[in-house]
Amino acid sequence: MKKYILETERLLLRPWQEEDLEDLYTYAKVAGVGEMAGWTHHKNMDTSRKVLNVFIDLPDCFALVDKKDQKVIGSIALEEEDLLRLDGKNGRNLGYVLNKDYWNRGLMPEAVEKILYYAFKIKKYDYIMVSHFIENSRSRRVIERAGFNYLKDINIRSKYQTIEKAKIYILENEDINGQ
C-alpha cells in the first residue's frame, strides 16, 4: 500500500514514524486537547507509544508537521466510518487534533482542505463525514469553513465511554466536483 506525503503552504502531512513519539506526547498530554475529540489526555509516554503504533498502521492517518518548526503538531486521518452508511457508497470519517500551541492560526483548515483533496481526487471516496461535540466551537468552525453540510444531531460514545451530544456533517465528492 502506497503511503502519501501531502503538502500545504505551512504544513507537511506525512505518515507517522517511530521518531514522532515525543512530539505526539507533547501535544497529547495537554488537558483539553484530546477531550475535545473524545479521548483523555495522555498520562504517560507509554499511552502515546500505543497510540503512535496504531497511527503508523492506519493507511490514511497523517502526522501534521509544521514546516517552520519541523515538528509534529497534530494528526489528521480518514478512518473507516461507522456513524453513517450510505448504500453503495464508499466513505470515511475525518478526524483531527492539533497541538494547543498552534490553535487560532488557520492551520487545521489548511490541513483539512488538503486531506479532502486526497480523499476525493486520489482515494476516490464518495463522501467524507465529520462530527464534533456540541461544545467544540473550534472544530465546528473548521468543518463549516471546509464546506461540509450539516446532517443531524447525534449521540456519540467517547473513547472513555461517556455519551456526548454531537453534530454530524457530510461532504460528498460531487459537492466538490460541482464547484
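Residues Leu64 and Val97 share a closest heavy-atom pair of CD1-O, 4.2 Å. Across all non-hydrogen atoms, the minimal contact from Ala146 to Leu171 is O-CD2, 4.1 Å. For Ser48 against His42, the heavy-atom pair with the smallest separation is OG-ND1, 2.6 Å. When every heavy atom of His41 is checked against every heavy atom of Lys43, the shortest pair comes out as NE2-NZ, 3.3 Å. In plain terms, the two heavy atoms of Arg10 and Gly106 that are nearest each other are NH2-O, 3.2 Å. Among all heavy-atom pairs drawn from Asn136 and Ser139, the shortest one is OD1-N, 3.0 Å.
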List the steps and the verdict of side-chain contact (heavy atoms from CB on, under 4.5 Å) for Lys123 and Asn90. CA-CA 10 Å; Lys123 300 295 281 197; Asn90 185 17; over 6 Å; no

Output, in order, the C-alpha distance, side-chain angles, deciding distance and verdict of side-chain hydrogen bond (donor to acceptor under 3.5 Å, both in side chains) for Asp46 and Tyr25. CA-CA 9 Å; Asp46 288 338; Tyr25 181 62; over 6 Å; no

Check the pair Asp23 / Thr26 against side-chain hydrogen bond (donor to acceptor under 3.5 Å, both in side chains), numbers first and verdict last. CA-CA 5 Å; Asp23 288 346; Thr26 296; 5.0 Å; no

Steps toward side-chain contact (heavy atoms from CB on, under 4.5 Å) verdict (Asn93, Glu80): CA-CA 6 Å; Asn93 179 49; Glu80 285 195 45; over 6 Å; no

When you look at Ile128 and Ile115, which way does the side-chain contact (heavy atoms from CB on, under 4.5 Å) test go after all the steps? CA-CA 10 Å; Ile128 302 300; Ile115 203 78; over 6 Å; no

Just do the side-chain contact (heavy atoms from CB on, under 4.5 Å) check on Arg92 and Glu79 with the steps written out, would you? CA-CA 5 Å; Arg92 291 292 184 266; Glu79 303 163 348; 5.9 Å; no

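Proximity of Glu18 to Ile56: side-chain heavy atoms (C-beta onward) are separated by under 4.5 Å at one or more points. Here the side chains of Ile156 and Ser131 are in contact, with some heavy-atom distance below 4.5 Å. In this structure, Val72 and Arg14 have side chains that are in contact, with non-hydrogen atoms separated by less than 4.5 Å. Arg138 places none of its side-chain heavy atoms less than 4.5 Å from the side chain of Leu98. A 4.5 Å side-chain heavy-atom check between Ile168 and Val130 finds every atom pair outside the cut-off. By the 4.5 Å heavy-atom criterion applied to side chains, Lys167 and His132 are counted as neighbours. Contact annotation: the side chain of Leu11 approaches that of Ile73 to within less than 4.5 Å [non-hydrogen atoms, C-beta and beyond]. Proximity of Val112 to Tyr96: side-chain heavy atoms (C-beta onward) are separated by under 4.5 Å at one or more points.
Judged by distance alone, the side chain of Asn99 and the main-chain N or O of Tyr27 form no donor-acceptor pair under 3.5 Å. Of the possible polar contacts, one joining the Asn173 side chain to the Tyr125 backbone as a donor-acceptor pair under 3.5 Å is found. Side-chain N or O atoms of Asp20 include one that pairs as donor or acceptor with a backbone N or O of Gln17 at under 3.5 Å.
Within a 6.0 Å radius of CD in Glu22, no more than 12 heavy atoms belonging to other residues, nucleotides or ligands are found.
Using a 4.0 Å cut-off between charged nitrogen and carboxylate oxygen, Glu7 and Lys67 count as a salt-bridge pair. A salt bridge links Lys89 with Glu172; the closest basic N to acidic carboxylate O contact falls under 4.0 Å. Between Lys165 and Asp153 there is no salt bridge, since no side-chain N of the basic residue sits under 4.0 Å from a carboxylate O of the acidic one.
Between Tyr118 and Tyr4, a ring centre-to-centre spacing shorter than 6.0 Å is recorded.
Separating the CD1 atom in Ile143 from the CG atom in Leu94 is a distance of 7.5 Å, to the nearest 0.5 Å. The CE atom of Met45 sits 5.0 Å away from the CG atom of Leu21 when rounded to the nearest 0.5 Å. Rounding to the nearest 0.5 Å places CD of Glu113 at 13.5 Å from CE of Met108. Atom CD1 of Ile170 is separated from atom OH of Tyr127 by 6.5 Å, given to the nearest 0.5 angstrom.
In this structure, the ring-ring contact (aromatic ring centres under 6.0 Å, His included) partners of Phe55, at least two apart in sequence or on a different chain, are Trp16. Partners of Phe148 by ring-ring contact (aromatic ring centres under 6.0 Å, His included), not counting sequence neighbours: none found.
Ile134 and Val142 fall into different hydrophobic clusters, where Ile, Leu, Val, Met, Phe, Trp and Tyr side chains are chained together by heavy-atom contacts under 4.5 Å.
Geometric assessment of Lys114 against the ring of Tyr117 yields a positive cation-pi assignment under the 6.0 Å and 45° thresholds.
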